[in-house]
Amino acid sequence: MSKEKLPFVVTAGQMRSAEEAAVVRGTTWAALMEQAGAGVADAVLRYAAPLANRQVLVLVGPGNNGGDALVAARHLADAGALVTLYVWRRSGVDANLQACRERAIPELSAATDGDGSLLAQALRKAVLVLDGLLGTGARPPTADLATIIQAVNAERTQRSDLRVVAIDLPSGVGADDGQVPTVAIRADLTVATGLIKRGLLLWPGRGYAGEIVVAPIGLSSLDGVLTMSELLTASQARTLLPPRPADAHKGVFGKVLVVAGSINYPGAAVLACAGAQRSGAGLVTLATGRTVLSLATLPPEVTLLPVAEGDWGAIGPAAVDDLAEHLPGYQALLLGPGLGQAEATRKLVLRLFGLDHTRSRARVGFVAVGEPLTNQPQQTVALPPTVIDADGLNILATAADWFERLPPEHCVLTPHPGEMRRLLGVSELPADRVATAAEAAQRWRQTVVLKGATTVIAAPDGRTLMYDGANPALATAGSGDVLAGVIAGLIAQGCLPFAAAALGVYLHGAAGARARMAFGDAGVVAGDLLPLLPSVMQELRTG
Ligand SMILES: NC(=O)C1=CN([C@@H]2O[C@H](COP(=O)(O)OP(=O)(O)OC[C@H]3O[C@@H](n4cnc5c(N)ncnc54)[C@H](O)[C@@H]3O)[C@@H](O)[C@H]2O)[C@H](O)CC1
Ligand SMILES: [K+]
């Protein structure tokens, strides 16, 4: 599929670059705006038909977002809608306003509506409000603009028959970070002009956008923008599926070793193993202490590798020898779910990554790709591609420059925001989750899955995917364990780290959506995802 057809997600700056690149290639700003406004009108007519002889109130702001609104207003009037303009702080009469005047489209001005009565009256009559106040050039709305926004939101709350459509962004939502510093329009639909702005997919902005559609504006090529995010869609996920030859034996689908669990979290190990199984791995082995094994109710298909444990069943550093003996032959390692942070476990994790300097040479660790395994008595066993999750991340975060021990593009890190803060050594994450994940992935040279209502998957080469899968049903203990297992299972089947992370996030999210439909917003447990994963995967494969 050509790049242009993929739903790119951009910052305001990247959008500007794409537009400037288009203008350099011969289009004009006026043409871009005409296509944007026409596209908005088309989306509105598809979304809220019939509008003939229905009142449409178009809010017009001072910038090009307002310009789009004037173009759309003209097209909607030509389609038979009864359009009224409500102009806020727009100076001068440009061609698009002139064209509305030639159609005698009624025009109200905020400047002469001190008490807001004109707006209130127009809102009461309208069946649809089109928000063309502010777009990518917005600063946080203050006083007079905030009053207009609050009046629109109040009317929409009171009347279920009123639809609000935002042009490019709901006014008041930050284009790059989705923040809503003061107030913002609550839209039922946002028509993104040309490309989806990042703020539409980052919370809380995502919650103001409603349904999101894209109105093409003729960006013939996207070479103007270097690294853009892309929305992770089913069609994208489908391209990432590992092959599933009908005549294959289980060895073809790889083996996953899961180092997980502790006396407090035996279930995390179970969910992680089951996630790996349900993603299609050929064989899953749980390496943990005997105490945890006695507590965990494992699927019968999971094989067990009891390893040395310390106090309270915590996996201890001596487990390195057990792991070294068994790791060869595994195509994926998952480290972390429910591990706990006992001192003994901390030593194990640091030793696995060669960060525990109390011993000269770990028997297990990352051997630089291509470096021959030494045939010394302390032969080092290379770790397979590794998913590092939960306490695996929390323990790594305690070692300075931990990421320098990892061979490039060998791991998938799956932090939630708290784990990301610890890995970055910051008290607060920056608002722009995409930039945060992208910079970390490039610095650490690993795939990073920054989990959240919108999950960002970032590759070391700068590419980022955003999964728009906010789902309260997934905000449940163990959901992350299942995801980590799915990703490890996909790596075992031959997916490269970034592909496994993206496909894993998609499958996990789709299963979560299925569970929410079946069980509702509350009360879904992570285990409910497991039986849904194979059918979600099958539908993706045959879709
Ligand atoms: N560039 C193009 O050819 C196209 C742009 N598209 C649309 O245009 C907007 C971006 O336009 P821009 O003029 O840069 O920004 P805004 O329309 O958001 O308006 C900025 C304008 O408003 C003033 N302003 C900002 N915040 C406030 C505030 N809180 N209070 C008062 N005034 C404020 C600011 O000073 C500027 O004057 C983009 O979103 C698209 O909708 C087309 O879609 C494609 C072509
Ligand atoms: K807007």
Side-chain angles (χ1 to χ4, degrees), residues 10-25 27-44 57-73 75 86-92 94-96 110-111 128-150 152-153 164-176 178-200 205 208-210 212-220 224-225:
V10 291
T11 60
Q14 288 175 330
M15 183 67 200
R16 189 80 188 166
S17 303
E19 286 164 347
E20 284 165 357
V23 169
V24 165
R25 275 189 307 281
T27 191
T28 64
W29 293 107
L32 286 174
M33 185 164 289
E34 176 58 31
Q35 291 189 71
V40 167
D42 179 49
V44 167
L57 178 61
V58 178
L59 308 176
V60 183
N64 291 327
N65 196 249
D68 290 350
L70 290 169
V71 174
H75 284 279
Y86 189 85
V87 182
W88 170 73
R89 289 199 179 188
R90 193 170 187 87
S91 55
D94 60 21
N96 290 316
L128 187 137
V129 174
L130 184 57
D131 162 27
L133 293 166
L134 292 176
T136 53
R139 295 187 304 275
T142 50
D144 61 337
L145 177 58
T147 304
I148 294 171
I149 290 173
Q150 285 160 333
V152 174
N153 289 346
V164 176
V165 176
I167 297 176
D168 210 27
L169 284 155
S171 298
V173 169
D176 293 356
Q179 294 301 302
V180 179
T182 57
V183 292
I185 289 279
R186 290 193 178 279
D188 299 291
L189 170 75
T190 296
V191 185
T193 59
L195 299 167
I196 298 171
K197 304 316 176 285
R198 197 181 273 182
L200 286 180
Y208 285 77
I212 299 169
V213 295
V214 181
I217 61 171
L219 296 178
S220 53
V225 191

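Counting starts at 1 for both ligands and their atoms, in listed order. We use all heavy atoms of the structure for the numbers below, so side chains are in, but hydrogens, waters and symmetry mates are not.
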Asp168 to Thr190 - nearest heavy-atom pair and separation: O-CG2, 3.6 Å

Contact summary for Val191 and Gly39, nearest pair of heavy atoms: CG1-O, 4.4 Å

Main-chain N/O of Val10 paired with Arg198 side-chain donor or acceptor, under 3.5 Å: no

Metal site the K ion (ligand 2): N/O/S of Leu59 inside 3.4 Å: no

Side chain to side chain contact (heavy atoms under 4.5 Å, CB included) partner of Asn96, the single match among Val71, Val60, Asp68: Val71

Heteroatom N/O/S of Gly61 within less than 3.4 Å of the K ion (ligand 2): no

Exam field: side chain Thr136 to backbone Ala12, donor-acceptor pair closer than 3.5 Å: no

For the student: nearest non-hydrogen atoms of Pro141 and Ala146, plus distance: CB-N, 4.4 Å

Vertex the K ion (ligand 2), rays to O in Leu134 and OD1 in Asn65 - rounded to 10°: 70°

Whether Leu169 has an N, O or S atom under 3.4 Å from the K ion (ligand 2): yes

Contact check, side chains of Val165 and Ile167, non-hydrogen atoms, under 4.5 Å: no

Shortest non-hydrogen contact between Leu134 and Arg139, atoms and distance: CD1-O, 4.1 Å

N/O/S atom of Asp168 inside 3.4 Å of the K ion (ligand 2), strictly under: no

Angle, OG of Ser171 through the K ion (ligand 2) to OD2 of Asp131 - 10° precision: 60°

Quick check for students: name every N or O atom pair between ligand 1 and the protein closer than 3.5 Å, with distances.
residue: ligand 1; atom: 1 (N); partner: Arg16; partner atom: NH1; Å: 3.1
residue: ligand 1; atom: 1 (N); partner: Glu19; partner atom: OE1; Å: 3.1
residue: ligand 1; atom: 8 (O); partner: Asn65; partner atom: N; Å: 3.4
residue: ligand 1; atom: 13 (O); partner: Asn64; partner atom: N; Å: 2.9
residue: ligand 1; atom: 15 (O); partner: Gly137; partner atom: N; Å: 3.3
residue: ligand 1; atom: 17 (O); partner: Asn64; partner atom: N; Å: 3.2
residue: ligand 1; atom: 17 (O); partner: Asn65; partner atom: N; Å: 2.8
residue: ligand 1; atom: 18 (O); partner: Gly135; partner atom: N; Å: 2.6
residue: ligand 1; atom: 18 (O); partner: Gly137; partner atom: N; Å: 2.9
residue: ligand 1; atom: 26 (N); partner: Arg139; partner atom: N; Å: 2.8
residue: ligand 1; atom: 29 (N); partner: Arg139; partner atom: O; Å: 3.0
residue: ligand 1; atom: 29 (N); partner: Pro140; partner atom: O; Å: 3.3
residue: ligand 1; atom: 35 (O); partner: Arg139; partner atom: NH1; Å: 3.0
residue: ligand 1; atom: 39 (O); partner: Thr136; partner atom: N; Å: 2.9
residue: ligand 1; atom: 39 (O); partner: Thr136; partner atom: OG1; Å: 3.4
residue: ligand 1; atom: 39 (O); partner: Asp168; partner atom: OD2; Å: 2.6
residue: ligand 1; atom: 41 (O); partner: Asn65; partner atom: ND2; Å: 2.8
residue: ligand 1; atom: 41 (O); partner: Asp68; partner atom: OD2; Å: 2.8
residue: ligand 1; atom: 43 (O); partner: Asp68; partner atom: OD2; Å: 2.7
residue: ligand 1; atom: 43 (O); partner: Thr193; partner atom: OG1; Å: 2.8

